[in-house]
Chemist: 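Handing you a structure now.
Read the numbers this way: they start at 1 and go in the same order the structure lists the ligands and their atoms. Both backbone and side-chain heavy atoms feed into the values below; hydrogens, waters and symmetry mates do not.
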Amino acid sequence: MELFDVYPLYNVTPVKAKGAYVWDENNVKYLDLYGGHGVISVGHSHSEYVQALSNQLSKIGFYSNSVQNPLQNELAEKLGKISNCEKYNLFLCNSGAEANENALKLASFITGKKRIISFNNAFHGRTSAAVAVTDNLNINAPINLQQKVTFLPLNNIELVIHELGKGDVAAVIIEGIQGVGGLDEGEKKFFKKVKKVCKKNKALLILDEIQSGYGRSGMFFAFQHHKIKPDIITTAKGMGNGFPIGGVLISKKIKAKYGMLGTTFGGNHLACAAAISVLDIIEKEKLIDNVNEVSAYFLEEIKSVPKVKKVKGNGLMLGVEFDFEVGELRKKLIFDKHIFTGGSNNKNLLRILPPLALTKEEVDIFIKALKEVLV
Ligand SMILES: Cc1ncc(COP(=O)(O)O)c(C=O)c1O
């Protein structure tokens, strides 16, 4: 059997990783400023994380959601505390798209309405519901959803008011900071107004923090920069540092009913052990403080790089924009300088999503390499 060939691949084979570095099969060392789309939060193969996972696996790795699993309660409690979201309940699943799918489903159940508002250039995942609310995916996704989706430009509050005023909208879904789309984000006053308009029209506000959450933006969730309270928050990527886990944080105003949501693997013992360990490390190593410190340093140092047009994003979720396409630049960074960066739908943007423990020395390595490849 061969693999179903859907991914264009770089010719690199990582076989080992530690902190912000990965090694290929020839023992070549790469600086990882991308973490597989922002997944690596506490660093590759962090010793405490490895220990937590192997301890758990030696006890029990999985049992179904039909019996008690105190690790889920421990995770919910820790996540509530560290993220300052104690007024939410947690539903655990396995990926970002699945988290969004459940959030959209809930919104529909709760409001009895079907239409969803999303934004131009949004990316919310690849399940049928998540694809439906994703703009600009060049695939003919089988959207057999009953939900209808309307895409609006970011930061145009008049259009949001107009659409919500029609009374048939179940939810507005928006990323804290757009990831795949290219690091655009809603302005503070836009987020605040959207929340108000949702409330007025009995629609739910879903904050997709799958990429921008878990400390990446310099706050636990990116929406917290705007001091709003979404009805539902979705999370995944950095949550398990590579172990697949997703979560839906649901306002306590929304009441659960047996059978409303469900999953076989979601919240399994191993996934919970990974997610608990990630939170412990974020707290113990004060990684969110590090994000803010190293981000400020990055923003200062990048000024010395000629040809950089703009830097978008926040914390260690950054997009370095040029006035040319960066495909070749990314290849040179990987093959000549051994540094991984990311791309986005904005072809002129280098996406930087390193581990949250990135050091200033690692920023220096990148800045020096970038200057050299730009010559
Ligand atoms: C903002 C956002 N939402 C949802 C997803 C989908 O997550 P997953 O690939 O885990 O299904 C992604 C993935 O890139 C994302 O960036």
Side-chain angles (χ1 to χ4, degrees), residues 6-7 34-41 91-107 116-139 141 145 149 151 154 171-186 191 205-217 220-225 230 232-249 263 265-268 271 274-275 278 312-319 340-346 349 351-354:
V6 290
Y7 301 113
Y34 190 53
H37 318 302
V39 166
I40 301 301
S41 47
F91 176 76
L92 290 164
C93 55
N94 309 287
S95 70
E98 204 188 319
N100 283 337
E101 182 126 7
N102 280 297
L104 293 165
K105 200 161 115 179
L106 264 182
I116 305 289
I117 301 294
S118 177
F119 294 93
N120 296 350
N121 259 328
F123 184 86
H124 297 294
R126 304 269 191 155
T127 62
S128 61
V131 158
V133 291
T134 289
D135 188 29
N136 274 340
L137 259 190
N138 281 330
I139 54 175
L145 255 200
V149 183
F151 293 98
L154 261 182
V172 173
I173 182 165
I174 182 168
E175 288 155 271
I177 301 172
Q178 288 192 337
V180 176
L183 279 297
D184 286 329
E185 58 187 304
F191 273 106
L205 176 60
I206 303 172
L207 245 299
D208 179 341
E209 291 280 350
I210 284 156
Q211 192 166 138
S212 54
Y214 264 73
R216 185 152 292 286
S217 76
F220 195 90
F221 289 122
F223 74 79
Q224 290 169 327
H225 291 280
I232 300 180
I233 304 155
T234 53
T235 174
K237 295 198 190 285
M239 188 174 186
N241 199 50
F243 197 97
I245 181 167
V248 189
L249 282 68
T263 157
F265 294 118
N268 68 70
V278 164
K312 293 164 120 180
N314 218 336
L316 290 178
M317 180 167 180
L318 296 170
F340 285 110
T341 57
S344 75
N345 286 348
N346 174 349
L349 199 86
R351 203 148 47 116
I352 309 290
L353 298 164

Chemist: Side chains of Phe119 and Val172: does their closest heavy-atom pair fall under 4.5 Å?
Modeler: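 Yes, close enough: below the 4.5 Å cut-off.
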
Chemist: So which bit of Ala236 gets within less than 4.0 Å of ligand 1, heavy atoms only: side chain, backbone, both or neither?
Modeler: neither

Chemist: Looking only at non-hydrogen atoms, find the nearest pair between Ala171 and Ile206 and report the distance.
Modeler: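 Of all heavy-atom pairs spanning Ala171 and Ile206, the closest is CB-CD1, 3.7 Å.
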
Chemist: Does atom 10 (O) of ligand 1 have a protein non-hydrogen atom under 4.0 Å from it?
Modeler: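 Looking at atom 10 (O) of ligand 1, one finds that a protein heavy atom does lie closer than 4.0 Å.
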
Chemist: Please examine the side chains of Phe221 and Leu249, heavy atoms only from C-beta on, and report whether any two atoms are closer than 4.5 Å.
Modeler: yes

Chemist: Is there a donor-acceptor pair under 3.5 Å between the side chain of Gln178 and the backbone N or O of Asn120?
Modeler: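 Checked: pair present.
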
Chemist: At what distance is the nearest protein heavy atom to atom 16 (O) of ligand 1, and which residue and atom is it?
Modeler: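 Here the closest protein heavy atom is Gln211 NE2, 2.9 Å.
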
Chemist: Would you mind checking which non-hydrogen protein atom is closest to atom 2 (C) of ligand 1, with the distance to 0.1 Å?
Modeler: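 Going atom by atom, the protein heavy atom closest to atom 2 (C) of ligand 1 ends up being Phe123 O, 3.3 Å.
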
Chemist: Atom 3 (N) of ligand 1: which protein heavy atom is closest, and how many Å away?
Modeler: Asp208 OD2, 2.7 Å

Chemist: Quick one: look at Lys237 and ligand 1, take heavy-atom pairs under 4.0 Å, and tell me if it's side chain, backbone, both or neither.
Modeler: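 Lys237 to ligand 1: side-chain contact only, backbone stays beyond 4.0 Å.
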
Chemist: Below 30° counts as parallel, above 60° as perpendicular, anything between as tilted: where do the rings of Tyr34 and His37 land?
Modeler: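 Ring orientation of Tyr34 relative to His37: perpendicular.
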
Chemist: Taking the minimum heavy-atom distance to atom 8 (P) of ligand 1, which of Gly179, Gly181, Gly96 ranks first?
Modeler: Gly96

Chemist: Just how far is it from atom CZ of Phe223 to atom OG of Ser217, taken to the nearest 0.5 Å?
Modeler: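 Result: 10.0 Å between the selected atoms.
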
Chemist: So if I apply the side-chain contact (heavy atoms from CB on, under 4.5 Å) rule between Pro354 and each of Leu318, Ile40, Leu316, Thr341, which one comes out positive?
Modeler: Leu316

Chemist: Taking the side chain as every heavy atom from C-beta outward, state whether Ile245 and Asn94 have any pair of such atoms under 4.5 Å apart.
Modeler: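 Heavy-atom side-chain distance check fails, nothing below 4.5 Å.
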
Chemist: Where's the contact between His124 and ligand 1, heavy-atom distance under 4.0 Å: side chain, backbone, both or neither?
Modeler: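 It is the backbone that touches ligand 1; the side chain stays farther off.
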
Chemist: Test of understanding: given a 4.0 Å heavy-atom threshold, classify the contact between Asn100 and ligand 1 as side chain, backbone, both, or neither.
Modeler: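 The part of Asn100 near ligand 1 is the side chain, not the backbone.
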
Chemist: Could you tell me whether ligand 1 has any atom less than 4.0 Å away from a heavy atom of Glu175?
Modeler: yes

Chemist: Atoms of ligand 1 less than 4.0 Å from Ala97 heavy atoms?
Modeler: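 Those of ligand 1 that fall under 4.0 Å from Ala97 are 6 (C), 7 (O), 8 (P), 11 (O).
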
Chemist: For ligand 1, which atoms have a heavy atom of Gly125 less than 4.0 angstrom away?
Modeler: 4 (C), 6 (C)

